[in-house]
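What follows is one structure encoded as C-alpha cells, with my remarks underneath.
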Amino acid sequence: MSLAQVHYTSAAPGDEGTAGRFTAVGPGVSGALLAEIEPLVRYELPGGAPERPSDGELRSLPQAFGYFALSDGSRLVVRSAPVRDTGGTGAGVRFHAHAVHLPPGVPLPGDRLPVEAWRSPHWVAVTPGGAIPDPLALPPGPAAVSEGLDDFAVSRGPWLAAVLADLRRASDAEATGGRPVVLVERQCADVARWLGLASVTLPRESAERLTFTTYTRRPGSSASRVVGVGPEDAGAARAAGLRVHECAGPAPAGGTEDVWATTAARVWRSRSPELFREARELPGEPFAAGPLAVTALCAGIALGPDGRAAAAGWAADRPYALDARRTGRLVEAIASPGIDDRTAPEFDSAGRLFGALEGRCPASVTAPLAAMLVTEAVRGGNGSLELPRRDAFAGPEGAEVAERLGPEILTELADTVGSRSVARTVQLLRVARLLGVDGTESLPGVVDRLAPALLTEASAAHEGPPGFAPALLELLDEQFEVRTALLGALDRIAPGDPGAVARFLERVALPFTGTQALPHLRMCAEVPEAMATLGGDRAAVWHRVLRAAGISPFAEPLVLRTAVGLVWEDRAPTVEEARLLLDAATSDSHRVAGTWARLVDAAMGASAAGTDEAARLAHDLLRGFPGEIGGRERAGLLLLDLVRELRTGAPEPGWAERVRTLCTQAEPVEPALRERAHAALVERLLAPDRPGAELYDFVHGADAELIGAYDRAARTETVRARLRTQPAYAADCFTVWTAHPHAGRAWPPVAAALLDDVLRPAVRGMSAEDVAEVEATVGRTGSSGRADAFRDWNRSSTLGRLGRRIAGRVRRG
C-alpha cells in the first residue's frame with residue numbers, strides 16, 4: 001500500500017511570526033496529526049553554525065533522522081536536513097523535513113526496521129512538484145544497516161556494554177514515557193550507527209519500540225526513547241538528569257553489571273553479530289544472559305566469569321537444549337585451563353552443570369569439568385562446591401588428577417597447627433575419597449581437631465543450620481569410617497560442654513542411630529524433647545536424660561557429668577536436687593565425674609529456708625569427699641555443718657570463734673550462708689542455756705557484724721515474749737547486757753540500747769512479784785552488788801515515769 005508522505009520547510013529569513021509550514025501532505029494525515037507532527041520535524045542549527053556556510057560546511061551540519069510514535073498509534077519516520085536558502089541573497093540556511101507516515105500495524109516496505117531507512121537515497125531536501133512520489137524506497141537487504149557496524153562497535157568498545165544495557169532498558173514495553181537515553185557523538189550518523197547496533201542486538205519487537213532521533217538541541221523535552229546530541233549540548237543533558245553516554249569524549253572508567261549487555265559487547269568486539277540471531281533461537285527470556293553466553297562460548301569468544309557462570313547455569317537448567325557438539329564446546333570453554341579469574345558463583349554454576357550432564361554425556365565430555373571442580377575444591381578453598389560423584393574419576397583422567405592433588409590433600413589434612421575451617425576440612429575429606437587418596441593415618445588427628453571446631457563455628461553462626469551442615473552430612477553419609485571416628489570424638493568431648501553439643505545437635509541432625517554406644521551424644525539429643533515434655537521438673541528431666549545414655553553411671557561415671565551439665569547447665573541444683581544426685585550414685589562415681597562440685601554449689605547457694613537440709617547435705621559432702629573439697633568451699637561447708645550443730649546438737653567448745661574464722665576462710669562467702677551462720681550463732685547465744693565462755697568470746701571478739709546480728713535477734717518478738725514471761729531469762733539478759741561495759745567499741749552501745757529498748761519495756765509490764773523474782777535471780781547468779789545495780793536501774797526507770805507524770809500535771813495546771 002502507499003504510505004502518506006509529508007514535507008515541511010522552515011520559514012525564510014525575514015518571515016516574522018512563523019517557524020515554518022507544511023509544503024505537501026499526503027492523503028490520510030489529519031490536521032490534528034499535523035499539529036502533533038510539526039514539533040517533531042523542526043530542526044535547530046548547532047551552536048556556532050555559520051550564517052552563510054560554504055557547500056562543505058553545509059554538508060557537515062547534522063541531519064536529524066527520527067522515528068516517533070504518535071498518539072493515534074501510528075508512527076512517523078522523518079529526516080530533517082539543513083538546506084541553502086535559494087531565495088533572497090541565496091546565502092542563508094533553512095531546513096527541510098521529509099517524513100513518511102506509517103498507519104497502525106503497517107510496516108515499512110519489505111517489513112524493514114525504521115533505522116534501516118536512514119541511508120535511503122530517496123530522502124529529498126525540496127518539496128517535489130506535482131504528485132508526491134509513492135512509498136519511500138529503501139536500500140535492498142540488511143547490509144544497508146549492518147555494513148560497517150563491526151568497525152564502529154570495536155571503535156566504541158569502552159562504551160559498548162553500558163550503552164547496550166541502556167538501549168535494552170529503553171526498549172522495554174514498561175519504559176513508555178520514561179526519560180530518554182542520550183548519546184553524545186560528534187556526527188549524528190554515529191548515533192544512527194548505535195541504533196543500527198541495537199536493531200541487530202535486540203529482538204525485533206524491542207527494536208520496533210525504540211523511538212529515536214539522531215540529533216536534537218533539546219534532549220530534556222524529547223518524546224523519544226533515545227536521542228543524539230552534539231558535544232556542546234552534553235552538559236545540558238546531564239544537568240537535566242538524563243542518562244548520558246558521552247561517546248565523543250574520554251573512555252568511561254566504570255562498566256556495567258548487566259551480564260547480557262557485557263556479553264553482547266564481547267560478541268560485537270569479536271565481529272560476530274550473526275550470533276545474536278543464533279542465540280535468539282535458544283530457549284530462555286529475551287534478555288537472559290545464558291543463551292547469548294552459551295552461543296558466544298561455543299563460537300570461541302572468551303567471556304568473563306559472570307558470562308561463563310550464566311552460560312553454565314543456563315545449560316544446567318536445560319541439559320537437552322544443546323546437541324553433543326555444542327555441549328562439548330561449552331564444557332571445553334568453561335573448563336579451559338587457561339582461565340585464571342574464576343569466581344565462586346561461576347564454580348557453583350559449573351558444579352550444577354556437571355550434575356546435569358553427568359550420566360547424560362560420556363565421561364570424556366564431563367571429565368574436564370570434574371577435574372576443574374576438584375582442583376578448585378583443593379586449591380581454591382571453595383567449600384560450597386557441588387562435587388562430582390566418585391565414578392567420575394574412574395578413568396585415566398581421574399588417576400592424573402589424583403596424582404596431582406593427592407599429596408596436597410594429605411599434607412593439609414596432616415597440618416595440626418594452621419587455621420582450617422570446618423567446611424575446608426569436610427571438603428578435603430570428600431575430595432580425598434573421590435580421588436581414592438588413602439588418608440587413614442591422618443584420620444584420628446583430623447577428627448580430633450574437627451569435632452571441637454564444629455561446636456565453635458556452629459555457636460558463632462546465626463540461627464538455623466550452619467553453612468557447613470549439608471556438606472558435613474554428605475560426608476558422614478559417604479564415609480563410614482569418618483562418621484564412626486567423628487561421632488566417637490564428639491561423644492568424648494560432650495561431657496566437657498554438653499550444652500554446646502546439645503545445641504549443635506538441634507541445628508545439625510547427626511546420624512548416630514547405628515551400633516555405636518555414644519551415650520553422651522544420645523543424652524544431648526534427648527534433652528530438648530525432655531525439657532519440652534517435662535517442663536520445669538528438672539529431676540524428671542535428669543532421670544530421662546540419664547536413661548537415654550543406655551549405660552549406668554556406676555559403669556560410666558562421666559554420664560553423670562553430662563546429665564548434670566545438660567539439666568543444670570547455667571545454674572546450681574537446689575538442695576533437694578543435689579540430694580537426689582548424691583543418692584543416685586556412689587561418691588566414687590561423683591568423684592570421677594567431677595559432679596561433687598555441683599553438689600557443693602547447691603549446698604552453699606541454698607536459701608535461708610533450706611538451711612537445715614543444706615546443712616545436712618554439707619555434712620554428707622564433707623564426709624564423702626574429704627580429699628576433694630578444700631579452700632573456701634570446705635570452709636563454707638564446715639560453716640553450714642556448724643549451723644546444723646548449733647541448732648540441733650552440742651557443738652564443740654569455741655564455736656563463736658569458729659563462726660568468725662570460717663566466715664573469713666570462706667570469703668567471698670555467699671550472703672545467705674553468712675546470714676544463716678550469724679543467725680544460728682546469735683540464736684544460740686540468746687538461748688537460756690548458752691555457755692558463758694562462748695558469750696564471753698563473742699562479746700570480746702568485737703565483731704561488729706556479729707554483734708549487729710545479735711542486736712537484731714534480741715529485738716525479735718520471740719525474745720521479747722520470753723523476757724516478759726520468764727523472770728529468770730530477764731535476769732540473765734540483764735546480767736549479760738551489763739557485764740561487759742568495756743568490751744571494745746561495738747558491744748557497749750548495743751548492750752545499753754538493748755537494756756533501754758528491749759529489757760526495760762519487758763520489766764515494766766511484769767507484776768511486782770515477777771520483778772522481785774528477777775531481782776532475786778540477779779542476786780543469786782551474780783552478787784549483791786549486781787542485785788543493787790538492778791534495783792537502781794529499775795528504780796531510775798520508775799522514778800523517771802513518776803517524774804514525767806508529775807511534770808504533766810504541772811503543765812496541765
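- A side-chain donor-acceptor contact under 3.5 Å links Arg561 to the backbone of Ala593.
- Leu686 is not listed as a side-chain neighbour of Thr716, based on a closest heavy-atom distance of 4.5 Å or more.
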| task | Just do the salt bridge (Lys or Arg N to Asp or Glu O under 4.0 Å) check on Asp448 and Arg492 with the steps written out, would you? | result | CA-CA 10 Å; Asp448 284 344; Arg492 288 191 296 274; 3.3 Å; yes
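- The pair Arg616-Asp641 fails the salt-bridge criterion, with no side-chain N (NZ, NE, NH1 or NH2) lying under 4.0 Å from an Asp/Glu carboxylate O.
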| query | Going through the distances and angles, do Thr425 and Arg420 end up as a side chain to side chain donor-acceptor pair (under 3.5 Å)? | reply | CA-CA 7 Å; Thr425 301; Arg420 187 170 65 239; 2.9 Å; yes
| task | Mind running side chain to side chain contact (heavy atoms under 4.5 Å, CB included) on Trp596 and Ser587 for me, showing each step along the way? | result | CA-CA 8 Å; Trp596 58 268; Ser587 58; over 6 Å; no
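- A salt bridge links Arg715 to Asp711: at least one charged side-chain nitrogen sits closer than 4.0 Å to a carboxylate oxygen.
- Looking at Arg507, its side chain does come within 3.5 Å of a backbone N or O of Gly464 through a donor-acceptor pair.
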| Where do Glu628 and Arg634 land on the salt bridge (Lys or Arg N to Asp or Glu O under 4.0 Å) test, with the steps shown first? | CA-CA 9 Å; Glu628 287 72 31; Arg634 183 173 184 81; over 6 Å; no
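- Counting heavy atoms from C-beta on, the side chains of Leu558 and His520 come closer than 4.5 Å.
- Look at Arg430 and Glu474 and you find a salt bridge, because one of the NZ, NE, NH1 or NH2 atoms lies within 4.0 Å of a carboxylate O, short of that distance.
- No close placement of the Tyr710 and His678 rings is indicated, their centers lying 6.0 Å or farther apart.
- Around the CD atom of Glu717, the shell of radius 6.0 Å holds more than 12 heavy atoms that belong to other residues, nucleotides or ligands.
- Using a 4.0 Å cut-off between charged nitrogen and carboxylate oxygen, Asp620 and Arg623 count as a salt-bridge pair.
- The shortest side-chain heavy-atom distance between Arg632 and Met604 falls under the 4.5 Å cut-off.
- The backbone N or O of Gly439 sits less than 3.5 Å from a side-chain atom of Ser442, completing a donor-acceptor pair.
- Here the straight-line distance linking atom CG of Leu755 with atom SG of Cys733 works out to 9.5 Å at 0.5 Å rounding.
- When all heavy atoms of Asp792 and Arg795 are compared, the closest pair comes out as OD1-NH1, 3.0 Å.
- Ion pairing between a basic and an acidic side chain is recognised when a charged N comes within 4.0 Å of a carboxylate O; Arg424 and Glu412 show such pairing.
- Taking 4.5 Å as the limit, every side-chain heavy atom of Arg483 sits out of range of all side-chain heavy atoms of Leu475.
- Of all non-hydrogen atoms in Leu487 and Gln516, the two that sit nearest each other are CD1-OE1, 3.8 Å.
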| task | Begin from the C-alpha positions of Ser589 and Thr586 and carry the test side chain to side chain donor-acceptor pair (under 3.5 Å) through to its verdict. | result | CA-CA 5 Å; Ser589 298; Thr586 63; 3.1 Å; yes
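- Residues Cys524 and Val527 come closest through the heavy atom pair O-CG1, 3.4 Å.
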| message | Applying side chain to side chain contact (heavy atoms under 4.5 Å, CB included) to His543 and Leu580, what does each step give before you reach the verdict? | response | CA-CA 10 Å; His543 279 298; Leu580 170 69; 3.7 Å; yes
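- In this structure the side chain of Val541 never reaches within 4.5 angstrom of the side chain of Thr533, judged on heavy atoms.
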| request: Before giving the answer on side chain to side chain contact (heavy atoms under 4.5 Å, CB included), spell out for Glu683 and Leu646 the whole-Å C-alpha distance, their side-chain angles and the decisive distance to 0.1 Å. | output: CA-CA 9 Å; Glu683 286 172 6; Leu646 286 171; over 6 Å; no
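- A distance of 4.5 Å separates CG of Asp491 from CG of Leu521, quoted to the nearest 0.5 Å.
- Between Trp747 and His700, the closest side-chain pair of non-hydrogen atoms is not below 4.5 Å.
- The distance from the CG atom of Asp703 to the CG atom of Asp697 is 12.5 Å, given to the nearest 0.5 Å.
- For the pair Arg658 and Glu694, the salt-bridge criterion is not met [side-chain N within less than 4.0 Å of a carboxylate O].
- The backbone N or O of Val422 lies less than 3.5 Å from a partner atom in the side chain of Glu457, making a donor-acceptor pair.
- A donor-acceptor pair under 3.5 Å is formed between the side chain of Arg522 and the backbone N or O of Phe512.
- Pro727 is not listed as a side-chain neighbour of Thr777, based on a closest heavy-atom distance of 4.5 Å or more.
- Side-chain atoms of Arg591 come within 3.5 Å of backbone atoms of Gly624 as a donor-acceptor pair (strictly under, hydrogens ignored).
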| request: Check the pair Val774, Phe734 against side chain to side chain contact (heavy atoms under 4.5 Å, CB included), reporting the backbone distance first and the verdict last. | output: CA-CA 9 Å; Val774 172; Phe734 176 81; 5.7 Å; no
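- Because its NZ or CZ atom is both nearer than 6.0 Å to the ring centre of Trp655 and within 45° of the ring axis, Arg684 counts as a cation-pi partner of that residue.
- At a threshold of 4.5 Å between non-hydrogen side-chain atoms, the residues Asp588 and Val592 do not count as touching.
- Taking a cutoff of 4.0 Å between a charged side-chain nitrogen and a carboxylate oxygen, Arg660 and Glu705 do not qualify as a salt bridge.
- One finds the CG atom of Leu413 at 5.0 Å from the CG atom of Leu428 (value rounded to the nearest 0.5 Å).
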| task | For Trp568 and Glu577, run side chain to side chain donor-acceptor pair (under 3.5 Å): C-alpha distance rounded to whole Å, both residues' side-chain angles, the deciding distance at 0.1 Å, then the answer. | result | CA-CA 10 Å; Trp568 291 280; Glu577 292 166 347; 2.8 Å; yes
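- A salt bridge links Arg544 to Glu529: at least one charged side-chain nitrogen sits closer than 4.0 Å to a carboxylate oxygen.
- With rounding to the nearest 0.5 angstrom, the CG atom of Asp438 is 8.0 Å from the CG atom of Leu410.
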| task | Decide yes or no on salt bridge (Lys or Arg N to Asp or Glu O under 4.0 Å) for Glu613 and Arg579, but give the supporting numbers first. | result | CA-CA 9 Å; Glu613 186 60 33; Arg579 172 61 63 185; 3.6 Å; yes
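- Residue Ala762 comes nearest to Leu723 through the heavy atom pair CB-CB, 3.8 Å, listed as atom of the first residue, atom of the second, then distance.
- What you find for Leu473 and Pro511 is that their closest heavy atoms are CD2-CD, 4.4 Å.
- Shortest non-hydrogen contact noted between Trp737 and Ala714 is CZ2-CB, 4.3 Å.
- To the nearest 0.5 Å, the span separating OG1 on Thr595 from CG on Leu560 amounts to 5.0 Å.
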